[in-house]
Structures are given as C-alpha cells and as structure tokens.
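To keep things clear, I will list the structure first and then write my remarks on it.
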Number of protein chains: 2
Amino acid sequence: MIVVSSKDVAKHAGVSQTTVSRVLNTPDLVKQKTKDKVLKAIEKLSYVPDANARSLVQKKTGVITLLSGPLHNPFFVDTTTAIVNYANENGYRVNVHFVNDKKLSEAYSSAIENKVDGMILSCILLDDPIFERLKRMSIPFITYNRKHKNEELFVEIDNEEAGFLAAEHLIQLGHKDIAWVGGPLTVSTFKNRFEGYKKALKKHRIIENPLYIFHTDSSKNDIQKAFEDLQNCINKPTAICSGADSVAFNLMNNALSSGLKIPEDISIIGIDNVDLSNHGAMQLTTVGSITENNLGRLAIEKLIEMIELEKSTCIQITESVKVFLRNTTAKRKD
Amino acid sequence: MIVVSSKDVAKHAGVSQTTVSRVLNTPDLVKQKTKDKVLKAIEKLSYVPDANARSLVQKKTGVITLLSGPLHNPFFVDTTTAIVNYANENGYRVNVHFVNDKKLSEAYSSAIENKVDGMILSCILLDDPIFERLKRMSIPFITYNRKHKNEELFVEIDNEEAGFLAAEHLIQLGHKDIAWVGGPLTVSTFKNRFEGYKKALKKHRIIENPLYIFHTDSSKNDIQKAFEDLQNCINKPTAICSGADSVAFNLMNNALSSGLKIPEDISIIGIDNVDLSNHGAMQLTTVGSITENNLGRLAIEKLIEMIELEKSTCIQITESVKVFLRNTTAKRKD
DNA sequence: AGCTCTAATGAATACGTAACCATTTTATAT
DNA sequence: ATATAAAATGGTTACGTATTCATTAGAGCT
C-alpha cells in the first residue's frame, strides 16, 4: 500500500509540510497563490490526510465505540440506526460491536484497546466492573437500555412502570393466568420490568404462579423452551407478558407455528414499541416511551455533548411510558 | 484525558520502552524476571497500548469500513450482523455507515478520509466512479448485494434468475396480472431482477403492462404510492412481484392496512429470503440463495483474505437461487 | 531609504508505538 | 580461564500529522 503523505505534497508543491497542513486546517493563514499550488498537488497526488496520525497528535480520534446487543433483537436495529446516523452527521465514526452476555468481557477489552473519544453501551450488567474501569480511565461513556447499579449515566424507559402497565393491561382484559417470559435478572431492564409485573399482580390480588415465570437467556431456543413449558402446564396461561418486544416476536412465532391464533387463543404483549411492532403483519400491543424518542438517539446526543464539553455531568434519563394498543391482546374468553 | 504510555511503564519498571514493547509483542525474547517487572507496572498503571500509534508505524489499522444500506431493510440487518461479527472474530473493528442513495458521495469521501485496511460496500451504483477511485488508491474492497458494471469484486445472488423464478412462481399459480414493484434501475440488483421478471412474462406470453411496473426509490412513501396506484387500476393486479423482501414487507403492510387479505386477495412474493421472512407472522414466500449463505459473510471472508494475502484477486461470486415457499402466495381466484 | 508592523512561511518537535541496529550480559564449548 | 555463540536489553529512528517558535517577505508609514 503506497501512501502519499503531506511531505510528498509539500515537495511537489515546493512548500513546507507545515504549509500543506495549514492549507487544510487554517486556510486563511496562507496566500491564495500558495494555496492554489498546494491544492493542485493534493489533487494530482490524490492525497488524503491520515486520520490516525492526526489523532495521535491531537489526542482526539473522532471515533465512538458502540457495544450493542444483537440485531436480531429489533430494539437494537432501531437504536443502532439512530446512533450511527447521528454520530456520522456530527463527524464521528462508529465502531460497532454486537455483544452477547456470554462473552461480554472479551468485547470490553477489545474495545478498550483502542483509544476512542467515547463509548456507548447497551449491555451493561447491574454490577458490571466495566463501569468503574471506564470511570477510572476517564473515558466519556453512557449506557442506554440497561443501567448500572450506580444509577449514573444512563438513558432508559421507566421499566418498572412498563412492566406494570403491560401486566395491568392484560388484567383489565380479564386475564388472570398471566405468564412472564423475560430475560436474566442480572440486567436492570428485565429486573425492573419483572418487578412491575409482580406489582400489578399484587395490586389486583392475583397470586404469582411460579410455573408461569421464565427468566430466559433471551435466546431463541430458551424462549421456545419457555413457551413449550407453558403449553404443557395443566392450567395454560391465557396471556403472556413479554420482557421485551423481541421476546414477544419469538413467542408469537412459536404460538403461530403450533397452530394457536393470536389474540384469540392467547394474548401477548411486549415492551419497547420497536418499529417492527407496528407492521401490519405483527401489530404487537406493547408498552413504550410516550414521546416515542429513540433511546439510542437520546444517548448519543448526550455522549457527544459530554465529549465536546469535556465535562462529566451526571445523566439520568428515564422516559415515561404508555400502552400502544394493537392486535395481539384481547379479552379473555370464558 | 491522562494517557499512560509505554514510556511511563518503562520508567516505572526500570527498563527501556523497547523492552515494554517486547513484553507485549514478542514475550519469548525477554527474561521471565523482566517480564514480571514490566507486567506488574502495566497492571499498576493500568496501561493500555494505543492502537492508533501502532497502526501508524505498522501501516495497518485493523479497521474495515462498512458502507451498508439502511437497517430498516432487513436484508442489511442480516448482512451487517454477519459482517461485524466475522470481522470482530478476526481481530478487525468495523466502522459502520448507513448510506442512502441520495447522499452517496458524501458518505464515500468521509469514509476515504480515514485510512482503513479495507472497505465493503453494499450500495454501489452500476457506473459509480468510486470503483475506479478505490482501485487507484489500491485499497482492498469488495461489493455485496449490488455490483459495478466492471463485473469485478462482487458477491451477489443470481438476480436475473431470482426475478425470473419469482415471476414464474406467480404465473404457475395462475396469475396473469402481475405487478412489479422494485427499486431504481441504476443499481444492478433491481435491474437484473426486473430483467428476470420480464423474461418470465415473455416466456409465458404475458404482455407487459406498463401500468403494473414501478421503479421506486425504495422508500416507504414511494412504495406506498406504488401500491395505491396499483389499487386504483381498472384491472387490479392479482399478484405483486417485489424487487426485494423489504419492498414486499412494505407492500404487505399497505395491503393489510387497507383491509386486504394475503394471499386470498393478493399474492406477494419477495426476493432475498431474509431471516424475518420466515417469521410466523410474515411467512413471506421469497426467492433466495439455495445454500442460504449470508452474502455479507461471504463478502467479508473474501475481503479479509484479500487484506491478509495482499493480492487483489478477481472475485465474482453469484449464488444460485430457489423459491422458498411460504404463505403469501396462492392460486389465482376466478 | 529606513523603520515598524503584519502577513506568510519554514524548521524543529511531539504524539506513542514498533523496528532496526548496537551493545551488554549470560551460557556454552574449548 | 578464555573464546565464542546466544540471549537479553537498550538507544535511536520512522511513521504522518499538528503545533510551537523563529524567520522572512511585504505593506504602509515617515
């Protein structure tokens, strides 16, 4: 790979490397005639400045690392789009990593190897040591979707309220046998949503049935297993409260392929209100942010602010939620 | 941002910077006792090598730029996942950009600003000048999904055959009034698929109806407009051949929200066989690669090969296709 | 012409790493 | 003990840029 440097341009234009640099960064300081010479040389040699070298001296990389959950979860489709696009519009490039909880720490260390201007994380655990590590390294970062037990630097929806509203919606439709299929309780999102679910049951004096409760690893297989176990219950639940839209989509898939009709045979509600849930073929009833703000977008805005103002403010954003009524929930049949 | 460098580690451990570098890169060349000292210092100062500085001297960035289409097209969900994950497994980071055709050149120039080890493009136009530009810069690259008129360095499915099979499938179900809703003909994918569609009609002696043919800009709005125009035809088509699964999903959404039943009232077939098309609620009949290889995965494998072997082979991969029969197409009612 | 002030340019250096070459230390053979 | 080879370490430099400081050219004035 032949690389043409600013020195080559300088030699070709008969000026110093400094002047070449000036033409690109502070063009007002250089005479028009010189500028022309240099620009011509740049054109002719098709010179492109090396962003790596620049970041070495400027101590600014223009790169943000995104540790996102996997894209087969449509929530991360929406957020990744918002994050990458907003960052690009503001002159940042985004290194994207799709992380699963199993090899979280590998992902972290590989991400830290590279000096970046900031990091944005979706997959932090409640008591993840990465939190303190990033703070010690004084690298700007923010979490979205999930949050750390420290309750700092996060953007989320009101997860407990979301779980509560989801369950209460089903209760108000007359359901009593309401299952919960969520994700691991080591992440704030599922933990709080599950708390909300329990709170709603309690409020309406419905006794929790341990056979109805599944904390999956949010993999397709594990969710399918939960669904099958539910179908094998003696008292099949008439409704399922899903810990996330992605879980709901998987459950819908399982229900449909075992011949069940939604919502006639079973009601399913999600949480997140991802774009896909509004598709005509899905029409998933779900709970999501009232403002319909994209959490990724909120997070990246704040992160870039932190980077550019160079101060580490405390960011705690919790979006209020409501039910988005669609066609996967219906009154209980008797 | 305080940065601790290998010099700091060296001073702390009482060795030279060279030795620190050696401990990390060629540990066999350094005595155990020294190694311990250095590793201890690294630990204590929580030193992390600066990948930028390294790439400056090694002339290798470990970064690949991905110019992908937007994620609301599920095809790019599948490919982006495959590309990012495979690249990460092989020690590369991926700068992701989501490009729309309107501001393609902006995206290019911003991407080129940064020296990267390779580029992978989904959105190249048939006669895109970027092709020659990248070749001149001798930066390894490959295109997937679409290809350039030069017919080099691409991974695709057999698009003409795909269009042909899609249309013929509808014809064999008894349909004669078959619409085409695709994307711009300036991209190879849609151009060739449309050719296949026409070929099938011709083979079965069905006359093309210009009122049935729409080359949209693949935006939601434009597709909706096409759908509405089709519904306003005097002879409504009984089936639609979509230029891509993403188009098909949009059409399904339009059909369902205007009260039509699929496939009873209208048959819809896609091309790409994206993961989502197999979801229970979608069950989109579509045409896709026989091997079900992910095009993104094929492309990134080849790209990394090119990077590491440092030779620019000619890559032309065209995957054979077949129909994946699901539930959005049915016999024509009379 | 001589002076001052500003505009325009260049030389030298730092950034953090790996590579190259030189040197010192240690082990092995005579 | 000495010579010789091998192992281990250090000094210096290059990578491509932006920055700092020094210098030169030119404009405007008396």
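Reminder, nothing fancy here: chain letters follow the sequence lines and each chain counts from 1.
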Open item on the list: Using OP1 and OP2 only, check whether a side-chain N or O of B/S21 sits under 4.0 Å from C/dA18.
Closed with: yes
Task: Earlier contact from the 5' end, DNA chain D, for A/V48 and B/R22 - done: B/R22
Open item on the list: When you measure from the side-chain N and O atoms of A/T19 to the phosphate of C/dG10, is any distance below 4.0 Å, counting only OP1 and OP2?
Closed with: yes
- [ ] Check the distance between C/dA19's C1' and B/L29's CG and give it to me in whole angstrom.
- [x] 13 Å
Open item on the list: It should be established whether A/K59 places a side-chain nitrogen or oxygen under 4.0 Å from OP1 or OP2 of nucleotide C/dG16.
Closed with: yes
Open item on the list: Heavy atoms only, 4.0 Å cut-off, all strands: where does A/N25 land among base, sugar-phosphate and nothing?
Closed with: sugar-phosphate
Open item on the list: Need one value for A/T34: base, sugar-phosphate or nothing, where a base atom within 4.0 Å counts as base even if backbone is also close, heavy atoms only.
Closed with: sugar-phosphate
Task: Distance in angstrom units between A/K11 NZ and D/dT17 P, rounded - done: 14 Å
TODO: Using atom CD1 of B/I42 as one end and atom P of C/dT17 as the other, report the distance to the nearest whole Å.
DONE: 10 Å
Open item on the list: Which heavy atom of B/V116 sits nearest to which heavy atom of B/T61, and what is that distance?
Closed with: CA-OG1, 3.6 Å
Open item on the list: At 4.0 Å (heavy atoms only), tell me whether A/V30 reaches a base, stays on the sugar-phosphate, or touches nothing.
Closed with: sugar-phosphate
Task: Between D/dG16 (P) and B/K115 (NZ): distance, integer Å - done: 9 Å
- [ ] Name the closest nucleotide to the A/K31 side chain, picking from D/dT17, D/dG10, C/dA8.
- [x] C/dA8
Task: Aromatic centroids of A/Y86 and A/Y92 separated by under 6.0 Å - done: no
TODO: Nearest whole angstrom, please: distance from the C1' of D/dA25 to the CD of A/Q32.
DONE: 18 Å
Open item on the list: Rounding to an integer number of Å, can you tell me how far A/D50 CG sits from D/dC15 C1'?
Closed with: 9 Å
TODO: First locate atom CG of A/D117, then atom CZ of A/R93, and finally report the distance between them rounded to the nearest 0.5 Å.
DONE: 9.0 Å
Open item on the list: Quick check for you: among C/dG16, D/dA18, C/dT9, whose closest atom lies nearest to any side-chain atom of A/R54?
Closed with: D/dA18
Open item on the list: Students often mix this up, so state it plainly: with edges at 30° and 60°, are the rings of B/H148 and B/F131 parallel, tilted or perpendicular?
Closed with: parallel
Open item on the list: On a heavy-atom basis, which atom in B/N145 and which in B/E156 lie closest, and how many Å separate them?
Closed with: O-CB, 4.0 Å
Open item on the list: Does C/dT17 have OP1 or OP2 under 4.0 Å away from a side-chain N or O of B/Q17?
Closed with: no
Task: Given DNA chain C, 5'-ward residue of the pair A/K35 and B/T18, judged by closest heavy atom - done: A/K35
TODO: Starting at atom NZ of B/K7, determine the distance to atom P of C/dA18, rounded to an integer number of angstrom.
DONE: 13 Å
Task: Rounded distance (Å) that lies between atom P of C/dA7 and atom CG of A/D28 - done: 12 Å
Task: Nearest listed nucleotide, side chain of B/S16, among D/dG10, C/dA14, D/dA14 - done: D/dG10
